[in-house]
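The structure appears below as structure tokens.
Everything numeric here is computed off the predicted structure, so don't read it as measured data. Just follow the structure's listing: the first ligand is 1, and inside any ligand the first atom is 1.
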Amino acid sequence: MSQIEETRQEALGELESVITADALSQWKSKFLGKKGVVGKMFGQIGGIPKEERAAFGQNVNALQKELASAFEARESLIQAQTLAQDLEEGEIDITLPARPRQMGGLHPSTRTHREFQTIWADMGFQVYQSREVEEDEINFTMLNLPPHHPARDMQDTFYTTNPNVLLRTHTSPGQIRAMRELGENGTKPIRVILPGMVYRQEQVTARSEYQFTQVEGLAIGRNIRMSDLKGTISEFAKRMYNPNAKVRYRASYFPFTEPSMEVDVECFLCGGEGCRVCKYTGWLEIAGSGMVHPTVLRNGGYDPSEWSGFAFGMGPERITMLKHGITDIRYFWGNDLRFLQQF
Ligand code: DAH
């Protein structure tokens with residue numbers, strides 16, 4: 001009987017210093033486990049004199065119950081303390097200022113394109129989205145650039161493994177697709193712009209990239225003349241650059257237009273006085289243009305004796321660079337956040 005009392009005091013004493021879940025489970029197996037102290041006592045029952053056996057058994061039973069409930073009480077105490085500690089450590093200080101969230105912005109080229117599109121849309125031009133992966137036939141031959149034509153050298157081309165399929169070198173092939181798709185076999189007038197990415201196998205430098213964007217324009221009708229071309233582009237320049245922008249046209253050559261012209265706008269940085277950007281000429285080149293060549297009209301499904309049209313091609317990156325003082329075209333597609341975040 002005194003052994004039982006000793007064990008009781010020892011077990012309860014040790015339990016009081018138990019403060020972790022690990023130590024608690026060690027305590028449990030020491031006293032209440034199958035081979036634990038109390039278990040062994042049950043094993044002794046057989047060796048106890050008959051008269052004392054029942055009383056001993058009852059006392060060991062009582063001890064086991066007492067220790068078990070002391071264990072449970074301790075266990076819930078430890079759990080409550082652990083929870084309280086977790087809550088305290090994980091406490092969120094709601095008075096701290098929030099971390100700013102990074103916001104995306106529109107790419108500077110996208111902004112210029114949207115400006116272009118708004119102006120051209122106001123002037124009655126529809127946006128036609130043509131493809132970037134194009135057939136050689138449409139990129140060149142249909143635009144009056146047959147195989148081995150020397151003007152093909154003006155645009156070094158990325159070909160795919162299929163020699164008839166390439167990355168378009170300009171947006172002009174979209175003219176053929178727009179005429180064929182919207183012209184309804186050469187019976188309907190069209191007025192479209194064709195914005196998008198173009199690709200050329202060029203040395204990448206501060207001034208030239210192997211990918212850049214263009215905005216092509218095309219108007220086909222029964223009575224379209226050079227004066228329409230000049231009036232339309234001059235109006236665009238006024239809306240895009242400034243209401244008094246002067247525009248000049250210089251004779252040029254493109255295989256898909258006849259006659260062909262290059263379009264200059266008065267330098268919007270120096271107002272035509274002459275500066276470094278316009279190389280002291282007072283003018284900036286903004287477009288190639290011309291009257292659609294009869295062969296190209298025919299390739300688009302139109303009869304050139306009844307239909308005529310004008311076309312132009314512009315390079316928005318140059319305008320974006322001038323507008324924001326960007327000195328290196330490689331920034332545009334370099335995906336450097338330090339550049340992009342400035343817009
Ligand atoms: N496709 C020409 C180029 O990439 C630009 C161009 C010039 C487009 C004259 C035209 C045009 O539509 O009429 O250099």
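Only the side chain of S172 comes within 4.0 Å of ligand 1, judged by heavy-atom distances. Neither the backbone nor the side chain of E258 has any atom closer than 4.0 Å to an atom of ligand 1 (non-hydrogen atoms only).
Distances between N or O atoms of T169 and those of ligand 1 include no value under 3.5 Å. In terms of polar-atom proximity, defined here as any N/O pair under 3.5 Å, F256 makes no such contact with ligand 1.
Near Q175, with a cut-off below 4.0 Å to any heavy atom, the atoms of ligand 1 are 12 (O). Each of the following atoms of ligand 1 lies closer than 4.0 Å to a heavy atom of G290: 13 (O). Distances below 4.0 Å separate heavy atoms of R200 from the following atoms of ligand 1: 3 (C), 4 (O), 14 (O). Counting the atoms of ligand 1 from 1 in the order shown, those under 4.0 Å from a heavy atom of A311 are 12 (O), 13 (O). Atom numbering of ligand 1 starts at 1 in the shown order; those under 4.0 Å from a heavy atom of T257 are 13 (O). Atom numbering of ligand 1 starts at 1 in the shown order; those under 4.0 Å from a heavy atom of G288 are 7 (C), 9 (C), 11 (C). The atoms of ligand 1 that sit less than 4.0 Å from any heavy atom of Q214 are 3 (C), 4 (O).
With ring centers used as reference points, F343 lies under 6.0 Å from H324. A ring-centre distance under 6.0 Å is found for F312 and W120.
For residues 61-70, the set of pairs meeting the salt bridge (charged side-chain N to carboxylate O under 4.0 Å, His left out) definition, not counting sequence neighbours, comprises R8-E66.
In this structure, Y210 places its OH atom where only 12 or fewer heavy-atom neighbours from other residues, nucleotides or ligands lie under 6.0 Å away.
A donor-acceptor pair shorter than 3.5 Å can be found between the side chains of Y199 and E132. Side-chain contact of D93 with T95: a donor-acceptor pair under 3.5 Å is present, judged by distance alone.
Here M1 is tied into one hydrophobic group with I4, L12, L15, V18, L24, W27, F31, L32, V37, V38, M41, F42, I45, I48, F56, V60, L63, L67, F71, I78, each link being a pair of ILVMFWY side chains closer than 4.5 Å.
Under the 30°/60° scheme for interplanar angles, the aromatic rings of H107 and F339 are found to stand perpendicular.
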